[in-house]
Protein chains: 2
Amino acid sequence: MDTSGETRRQDRSDGSPASEEAAHRPRDARGTRTRILHAAGAVFAERGYEAATVRDIAGRAGVNQALIFRYFGSKKALLTEVMAQGGKEQLLHTPPDRLFETALRGVLAEDGGEPGSDRLLAVYLRSIGSADAAPETVRALGEEYAAALAALSSADDGTLRAQLAMAWLLGIGLMRVVVGQEPLASAEPEEICRHVLTALDGLLRDEVLPRDGRAPAGRAAKRRPDERP
Amino acid sequence: MDTSGETRRQDRSDGSPASEEAAHRPRDARGTRTRILHAAGAVFAERGYEAATVRDIAGRAGVNQALIFRYFGSKKALLTEVMAQGGKEQLLHTPPDRLFETALRGVLAEDGGEPGSDRLLAVYLRSIGSADAAPETVRALGEEYAAALAALSSADDGTLRAQLAMAWLLGIGLMRVVVGQEPLASAEPEEICRHVLTALDGLLRDEVLPRDGRAPAGRAAKRRPDERP
DNA sequence: TAGCGTTGTAAGCGCGTGCTTACACCAGGG
DNA sequence: CCCTGGTGTAAGCACGCGCTTACAACGCTA
């Protein structure tokens, strides 16, 4: 059913027409664009890139499908645009030592609340098999995350360790969002978080192979900011 | 390029025709079936289910595409058949306490050697976004692995822990095989194996929340069977 | 040899896809 | 009024897809 088909036509005679980011004007290019983007995110997340059709997306957005090509050029470009939005914000606004936990909680929170959520991870995971824009985006984004994470470790293979941690994130998301394996899919984020952070505590530091003479257990005193009592 | 187009027509007058799994006889239903299965595995692994076409598969197998439907009925049934082959053998022939490490090494060995390898994991990962036969198969297989792994732990959430471990396997495979993120994709299996097994050592046992009175720090002494010196 | 079931093949059907085109609507300016 | 440019729309094009059909080639038995 159409979820946004009736709040479109509204008279602007009461307010100032100068508000450029305002709610839907009768012929609002920017609003249409964002509606298409949002609908595309939902459809890509549900069906994956190949199975999603531009007619589906246009129908969900309540626009003519030709507009999709006017605004984005092609279906593939639409996917790229969808994946590009909101990717790096977390990276910029989170201190590195809390980055992994924040990303993990984001992954864990993604599946439950469908309304409002962008479900970007689902788009990645469901489109990663084809489209070859998804793997590239995931690789690029993952490399930035891994680089930030690798700075936490003084090990020479810090990047590898960080990527292993990122791989776990993706795998958990895969199992929960796409595969839906129980009890993982319905498990409490807190419980998963605790298990994963505990297991990775050594990996993201230097506990393994302290070959360069650093104190092997020295980082244990420098505890990560953990909210559990 | 056709890799198997010339060794098909061979006279069987020299050998015994009773060998049922033998090389290609002129009109060999079983051989054709296996050729289709093998080609389908390769194409599904490379392109994913949706992007793979039966014409591709038929071409790679060197058969007419109508034969695919005669032998398997539909493209989806072909995928199911491809995924079904060889899934549980490892589960049956590996003792549980070595199961995870064996599966991990299988995942790590899958990407490099393309010729000969079945690349079953790549089929799973690339087809998991759509086709909805892949998620079901992965879920079913994963549940059996997790159940076997859960028996190793006396914790009441052993299944959850096992599934978290399986999720890491899938995630690592995703990053290596599909995304191809460096340095993870080219890292030595031994190195990854060491990191992962070390990190998961506590998860698959009872270190977390030793509420039932087991020794909390006992895992340092109770070492896992590790091949590293 | 003819008959018959199995295996392989050429051709194409129907359909849904991404994408395009031609055109209607709506504003602002002369 | 017409013109211009931005926005929305209906219709359809060309193509590749999964799948089907009619038929030829072959191996076997009699």
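Note that the coordinates shown come from a computational prediction; the quantities given were computed from them, not determined experimentally. In what follows, chains are A, B, ... by sequence order, proteins preceding strands, each numbered from 1.
A salt bridge does not link R139(A) to E136(A): none of the charged side-chain nitrogens sits closer than 4.0 Å to a carboxylate oxygen. Under 4.0 Å is where a charged nitrogen must lie from a carboxylate oxygen, and between R105(A) and E190(A) at least one such pair does.
Comparing K76(A) and T32(B), the nucleotide of DNA chain C nearest to each residue sits closer to the 5' end for T32(B).
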Q: For M83(A) and L141(A), run side-chain contact (heavy atoms from CB on, under 4.5 Å): C-alpha distance rounded to whole Å, both residues' side-chain angles, the deciding distance at 0.1 Å, then the answer.
A: CA-CA 10 Å; M83(A) 292 191 301; L141(A) 208 56; over 6 Å; no

Q | Pair M166(A)-L184(B), side-chain contact (heavy atoms from CB on, under 4.5 Å): steps then yes or no | A | CA-CA 11 Å; M166(A) 301 296 307; L184(B) 216 198; over 6 Å; no

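In this structure, Y71(A) reaches the sugar-phosphate backbone alone: every heavy-atom distance under 4.0 Å involves primed, P, OP1 or OP2 atoms, never a base. Contacts of A52(A) with the nucleic acid, taken as non-hydrogen atoms under 4.0 Å apart, involve only primed sugar atoms and P, OP1 or OP2. Across all strands shown, A51(B) has no heavy atoms under 4.0 Å from either base or sugar-phosphate atoms.
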Anything under 3.5 Å between a protein N or O and an N or O of nucleotides 10-16 of chain C, put it in a table, one pair a line.
unit_1, atom_1, unit_2, atom_2, d
dA10(C), N7, N64(B), ND2, 3.3

Protein N or O to nucleotides 22-25 of chain D N or O, pairs below 3.5 Å:
unit_1, atom_1, unit_2, atom_2, d
dA25(D), N3, R27(B), NH1, 3.2

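Evaluation of the ring-ring contact (aromatic ring centres under 6.0 Å, His included) rule for Y49(A) yields F44(A) as partners, not counting sequence neighbours.
Put simply, NZ on K75(B) is 8 Å from C1' on dC17(D), counting in whole angstrom units. Put simply, OH on Y49(B) is 13 Å from P on dC17(D), counting in whole angstrom units.
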